[in-house]
Structure formats: structure tokens, C-alpha cells
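Please read the structure below before turning to the comments.
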Amino acid sequence: MDLADGLLDHPYDVYRRLRDSAPVHRIAGPDGTPAWLVTRYDDVRAALADPRLSLDKRHATAGTYKGFSLPPALDANLLNMDPPDHTRIRRLVGRAFTPRRTEQLRKPIRRTADQLLDALGEEGDTDLIASYAAPLPITVICDLLGVPDRHRRDFRVWTDTLVAPAPGTPPEAGKHAVVAMLGFFTQLLADKREEPGDDLLSDLIAVRDEGDRLSEDELMSLAFLILFAGYENTVQLIGNAVLALLQHPDQLAALRAAPARLPAAVEEFLRYEGPALLAIRRFPVEDVTIGGVTIPAGETVWVSASAANRDPGRFPDPDRLDLARDTSGQLALGHGIHYCLGAPLARAETEIALAALLERFPRLELGVGEGEVRWRPSLRARGLLALPVSYGTKKSV
């Protein structure tokens, strides 16, 4: 099977067929190299926590898919690491993303959300991705790291070029984006060393320079990952959640009637339409058997939380959005030691973004005449190219 066959346009139909036919499939990866795809809930959950499935590309055999080709200064990040380095670095940065720290960020997040909605006015039409779902998380994560305002739009363009380039984008655009990001982070670290601030990046530099607990490549790679992942996942979550509500007016009405259910609703949005079709690739350090299929050491393994979250063996009637559903165990943000470091922040931003939007605009509808909803052409970022909506502070008569 070619991984691209139908997966971008109709992922859940493809995943349903794969789950029904076999637990593990031999596929052609995004670059044509062979790989293995795991789609059933129990197998995916176990694989995500299996220490024999390494993220370290040094365990990959020749001719397998390894992911982005990044320079060492951006590649020494948590998505390419196993313990003990993974444990050491995650512990250093983990305090910035604790539930307690996230609670302290709620007021600034809400203030940013309100400012973005103020700019829209009382009624009109907008692309909600461009005007709200994207600028909210990029503002939050850049404020947390201490990134100056003037660079925020550039970083969004660079990440879009890497993760989901627009059709017709020249192949060299990705390389240019990487070079630009490397230069950006090099200068940003130099500026922070010269003039530290009250921000996470300044704290990490102090750890590096005073305690020598981070190499220079690890420091820059960590800054890159926090900014990249902190923006990408949340853009997808907010946009996908709004689309799901607008396509299910009964669930939207139920949420408007009981806004206290928003935290639980976010879990269903994660399950129903998570931010990625595939988790980061893994490489067995020894022969591993999954679902009765033995995968040789060093070959590429893809696991799909999106497929697992639509497995009827775990979530009955999985293709239905149900905000009252028991979503315990959903895997959209991972499982095991590689569980998303920024999960508390992503959840809080999505909850606050939806609360502010629904409170501000009693009338919120999909844009008329915009045609079919278009998804970003990416297996890693399950999100919308645009979300045209019509909105108003008064309900439709």
C-alpha cells in the first residue's frame, strides 16, 4: 500500500479498511521507502509506550524513512531522543508546562483571544484560521519563549513550508525555511544571552551556560521544538474543533447550553479529529511483534493515534461526534514517556479559544459558497488550509 493513497482526503475511511483487514500493514512511506503502519487501538497504545521502539534515527537501517532532514543544531530534540538524554532534557523544560504553570497562563491567553476577536468587529466574514486559530497559539508560545513580535509571522511561514507546503511550492523551499530558522534561532539565542528576559528561553540559556546540562545543539533544538510544536498542534486543535461544531449543530447547541462541559468537549475534539494523522516514526532496536506481525529491527514503524481513536473496539460509534462520550484513553497527544510535553497548554488554549469565540458570537456559521472543506496536504499536521465563517454578536432571526 502507498501511504498517500486516499489517506489525505479520506483518512478515516482508509483507516477503517486497514483496521478491519489486518492489525499491521506493510506500506510505502511518504518518500516511497518501506514502512509498517499500526492502526488498532490496543496495538497503537502499546507501541507508543514500548521502549523497544526508538525515536533515535541511529537505530534506523539504510533505506528507511527518517523524517525531516535537519541540521544538527535543530535535530537534537526530544522527537529524536530516547532515555537517558530524553529524560534529562524533558525534566529541564517540564516545569514550564505543568498544569499549575498553565493555570497561570489562562488570563493572558484569554486576553489574547479577546483582542483577536475585538479586531473582527461585531459581525462579518473571516477565515478563522488566519484571523484567530493561528495567531492565538503563536502569540502564546512566543510570549512564553520571549520571541519578539516582529519575527512571529516569519516563523509561521517557515513551519507551514516544512509541515504542509502549498501545492506548487518548489522543493528547495523547505531547505530555505530550515536555513532561515537556523539563522533566526542563532540570533535569538545571542540576543537573549546579551539581554536575558523573564521568559523560558532565557531560563534555558542559564541552565546551559551555568550548569552545562544542555549542549548548544540541544538548547537550540529545544527552542525550535517548543516553538514549532507549541504552535502547530494547537492551530490544528482549535480549527478542527470549530469545524466539528459547525458541522454538528446539535453538539454546538448542547455546548452553548452547558459551557461548563468545555474541558470534556476538548477531549472529544482530540479523539474525533486530532492534530496529526501519524505519530513520529519509530525504529525497533530489536525484532518486535505487533498484532502477531514481526517487524525487523531498524525498519520504520508508523503508529496512528487518529486510527486508534476511531477504533470501534475502544470507542463505540467512533465516527460520530459526541461531546458526552467517555473519552478516557484517547491517544491524540500520545502515550508513555513521549506524551506531548505541552498537552496541558494545548488543552487550555483550545478550551479558552472556544469559550471566547462562542461567548462573543451567538451566530457562528460556515461560510456560504466556499465549496468543500480543504485540509492541509500533510500526514503530520491534520488541519485546515482555511476555515471561512460568518459571525455575529446577535443570533440569526
Side-chain angles (χ1 to χ4, degrees), residues 45 47-51 53-56 67-68 70 74-106 108-109 136-147 155 159 162-163 185 199-208 213-215 217-238 263 266-267 270 274-276 278-282 303 305 330-352 380-382:
R45 182 180 172 87
L48 287 171
D50 192 334
L53 296 177
S54 170
L55 295 186
D56 191 332
F68 289 142
L70 296 173
L74 299 180
D75 209 40
N77 64 65
L78 292 170
L79 298 184
N80 295 319
M81 286 183 177
D82 302 321
D85 287 337
H86 177 274
T87 307
R88 169 177 56 86
I89 293 178
R90 188 174 175 113
R91 185 181 297 122
L92 289 174
V93 74
R95 64 181 179 272
F97 295 99
T98 62
R100 180 180 178 183
R101 173 61 175 150
T102 298
E103 284 302 309
Q104 295 172 344
L105 292 172
R106 280 182 169 269
I109 294 170
L136 177 60
I138 195 68
T139 300
V140 171
I141 202 66
C142 284
D143 283 348
L144 184 64
L145 278 170
V147 177
F155 191 82
T159 57
L162 275 181
V163 175
F185 281 111
D199 54 68
L200 176 57
L201 190 52
S202 295
D203 291 346
L204 292 173
I205 289 171
V207 168
R208 155 66 181 155
R213 298 165 69 193
L214 286 170
S215 71
D217 282 353
E218 288 172 344
L219 172 62
M220 190 175 296
S221 295
L222 186 56
F224 161 72
L225 179 62
I226 293 172
L227 191 52
F228 183 90
Y231 159 64
E232 274 294 325
N233 280 343
T234 313
V235 174
Q236 268 64 265
L237 287 177
I238 296 171
V266 169
E267 298 306 305
L270 281 162
L278 296 170
I280 191 73
R281 76 287 172 275
R282 285 160 163 79
V303 292
Q330 63 85 9
L331 301 171
L333 296 175
H335 176 62
I337 65 169
H338 296 291
Y339 182 74
C340 177
L341 184 66
L345 182 59
R347 285 185 166 96
E349 287 184 69
T350 304
E351 178 188 335
I352 293 167
R380 291 287 306 281
R382 177 64 174 171

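These numbers come from a predicted model, not from an experiment.
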Check whether any side-chain heavy atom of [X] lies under 4.5 Å from a side-chain heavy atom of [Y], and answer yes or no.
X      : Y      : answer
Phe224 : Leu70  : yes
Leu270 : Arg347 : yes
Leu105 : Asp143 : no
Val266 : Leu237 : no
Ile226 : Leu204 : yes
Leu200 : Leu145 : yes
Thr102 : Phe97  : no

Taking all atoms of both residues into account, what is the closest heavy-atom pair of [X] and [Y], and its distance?
X      : Y      : answer
Gly230 : Pro137 : O-CB, 4.1 Å
Ser221 : Ala76  : OG-N, 3.0 Å
Arg282 : Val303 : NH1-CG2, 4.3 Å
Arg380 : Ala276 : O-CB, 3.0 Å
Ala49  : Gly336 : CB-CA, 4.2 Å
Gly274 : Ala332 : CA-CB, 4.4 Å

How long is the span from the [atom1] atom in [X] to the [atom2] atom in [Y], to the nearest 0.5 Å?
X      : Y      : atom1 : atom2 : value
Thr87  : Leu78  : OG1   : CG    : 9.5 Å
Asp56  : His86  : CG    : NE2   : 11.5 Å
Asp82  : Leu53  : CG    : CG    : 10.0 Å
Asp50  : Ile337 : CG    : CD1   : 10.5 Å
Leu92  : Asp203 : CG    : CG    : 11.0 Å
Leu341 : Leu333 : CG    : CG    : 11.5 Å

Q: Could you tell me whether a side-chain N or O of Asn80 sits under 3.5 Å from a main-chain N or O of Asp75, the two making a donor and an acceptor?
A: yes
Q | Matching residue for Tyr231 among Thr139, Val140, Ile138, Leu136 - test: side-chain contact (heavy atoms from CB on, under 4.5 Å) | A | Ile138
Q: Run through Arg90, Glu218, Arg88, His338 and flag the one making a side-chain contact (heavy atoms from CB on, under 4.5 Å) with Met81.
A: Glu218
Q: Report the C-alpha distance between Glu103 and Arg106 in whole Å, list the side-chain angles of each, state the deciding distance to 0.1 Å, and finish with yes or no for salt bridge (Lys or Arg N to Asp or Glu O under 4.0 Å).
A: CA-CA 5 Å; Glu103 284 302 309; Arg106 280 182 169 269; 2.9 Å; yes
Q.
side-chain contact (heavy atoms from CB on, under 4.5 Å), that's the test. Do Arg101 and Leu345 meet it? Break it down for me.
A. CA-CA 9 Å; Arg101 173 61 175 150; Leu345 182 59; over 6 Å; no
Q: May I have the step-by-step check of side-chain contact (heavy atoms from CB on, under 4.5 Å) for Leu227 and Phe155, ending in yes or no?
A: CA-CA 9 Å; Leu227 191 52; Phe155 191 82; 3.4 Å; yes
